[in-house]
Amino acid sequence: HVQLVESGGGLVQPGDSLTISCTASGYTFASKIMGWFRQAAGKEREFVSAIACSDSHTNIANSVKGRFSIARYNAKSTLYLEMSSLKPEDTATYYCGRTSVLYLTGRSDLYEKWGKGNQVTVSS
């Protein structure tokens with residue numbers, strides 16, 4: 001069955017960098033568009049970034065543009081989110097998701113599979 005497992009979160013200081021990962025299993029990873037979303041305490045889940053199957057196209061939220069980047073390594077069925085210049089407002093649970101639509105989308109309702117989430121806390 002399909003599984004998405006996030007890893008690499010933790011507590012970091014403002015200005016630090018951190019890369020989180022999402023390892024997929026149970027399907028052909030390279031055949032699906034993948035995305036990262038985050039949810040802060042008391043807030044709705046928000047789009048962070050999405051990446052096409054071949055890694056040639058990406059989409060990223062304005063709130064993290066220039067600081068975050070998304071990547072994927074299809075041979076290892078792994079999705080990455082590289083985060084730099086982290087701010088306290090980046091504190092959230094980060095989720096990877098899989099969508100079966102054929103275009104990059106930031107709509108969480110179009111992602112049908114999700115990981116359990118990975119906490120990233122930015123605090124001094």
Side-chain angles (χ1 to χ4, degrees):
H1 67 286
V2 175
Q3 276 194 311
L4 301 175
V5 180
E6 300 97 339
S7 61
L11 173 63
V12 297
Q13 294 189 338
D16 281 356
S17 298
L18 184 70
T19 297
I20 58 177
S21 304
C22 170
T23 301
S25 60
Y27 73 102
T28 303
F29 179 73
S31 69
K32 300 291 188 181
I33 290 172
M34 299 293 294
W36 285 103
F37 289 72
R38 67 184 183 184
Q39 188 167 16
K43 295 187 177 181
E44 293 187 353
R45 189 170 296 191
E46 67 168 346
F47 171 72
V48 176
S49 188
I51 187 166
C53 299
S54 64
D55 196 13
S56 60
H57 297 289
T58 64
N59 193 6
I60 194 157
N62 287 334
S63 59
V64 301
K65 192 170 291 184
R67 299 189 298 119
F68 290 14
S69 64
I70 190 171
R72 65 191 297 164
Y73 187 16
N74 287 340
K76 290 193 173 183
S77 298
T78 303
L79 177 73
Y80 302 95
L81 185 67
E82 301 165 350
M83 305 179 286
S84 63
S85 301
L86 282 160
K87 305 174 182 180
E89 51 263 43
D90 295 317
T91 295
T93 300
Y94 284 73
Y95 297 89
C96 65
R98 185 195 83 170
T99 181
S100 292
V101 302
L102 301 180
Y103 52 90
L104 297 179
T105 179
R107 285 179 50 183
S108 60
D109 61 315
L110 295 181
Y111 288 75
E112 76 274 2
K113 293 292 183 182
W114 294 96
K116 293 184 177 181
N118 194 10
Q119 180 67 34
V120 173
T121 302
V122 185
S123 175
S124 55

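Residue indices begin at 1 and follow the sequence shown.
- When hydrophobic side chains of Ile, Leu, Val, Met, Phe, Trp and Tyr are connected at separations under 4.5 Å, V122 ends up clustered with V2, L4, V12, L18, I20, Y27, F29, M34, W36, V48, I51, I60, V64, F68, I70, L79, L81, M83, L86, Y94, V120.
- For T93, the side chain to side chain donor-acceptor pair (under 3.5 Å) partners at least two apart in sequence or on another chain are Q119.
- Under the side chain to side chain donor-acceptor pair (under 3.5 Å) criterion, R45 pairs with no residue, sequence neighbours left out.
- Here K87 pairs with R67, E89, D90 under the side chain to side chain contact (heavy atoms under 4.5 Å, CB included) rule; sequence neighbours left out.
- Partners of S123 by side chain to side chain contact (heavy atoms under 4.5 Å, CB included), not counting sequence neighbours, listed by chain and number: L11, T121.
- Connectivity analysis of hydrophobic side chains (ILVMFWY, heavy atoms under 4.5 Å, direct or indirect) links L104 to I33.
- Applying the 4.5 Å side-chain rule to ILVMFWY residues, one finds V101, Y103 in the same cluster as L110.
- Contacts of K32 classified as side chain to side chain donor-acceptor pair (under 3.5 Å), with partners at least two apart in sequence or in another chain: S100.
- Applying the side chain to side chain donor-acceptor pair (under 3.5 Å) criterion to S21, with sequence neighbours excluded, gives no partner residue.
- The salt bridge (Lys or Arg N to Asp or Glu O under 4.0 Å) check on R98 picks up E112, with sequence neighbours excluded.
- The side chain to side chain contact (heavy atoms under 4.5 Å, CB included) check on S63 picks up R38, A61, with sequence neighbours excluded.
- Among residues at least two apart or in separate chains, there is no disulfide bond (SG atoms under 2.5 Å apart) pair with a member in residues 30-80.
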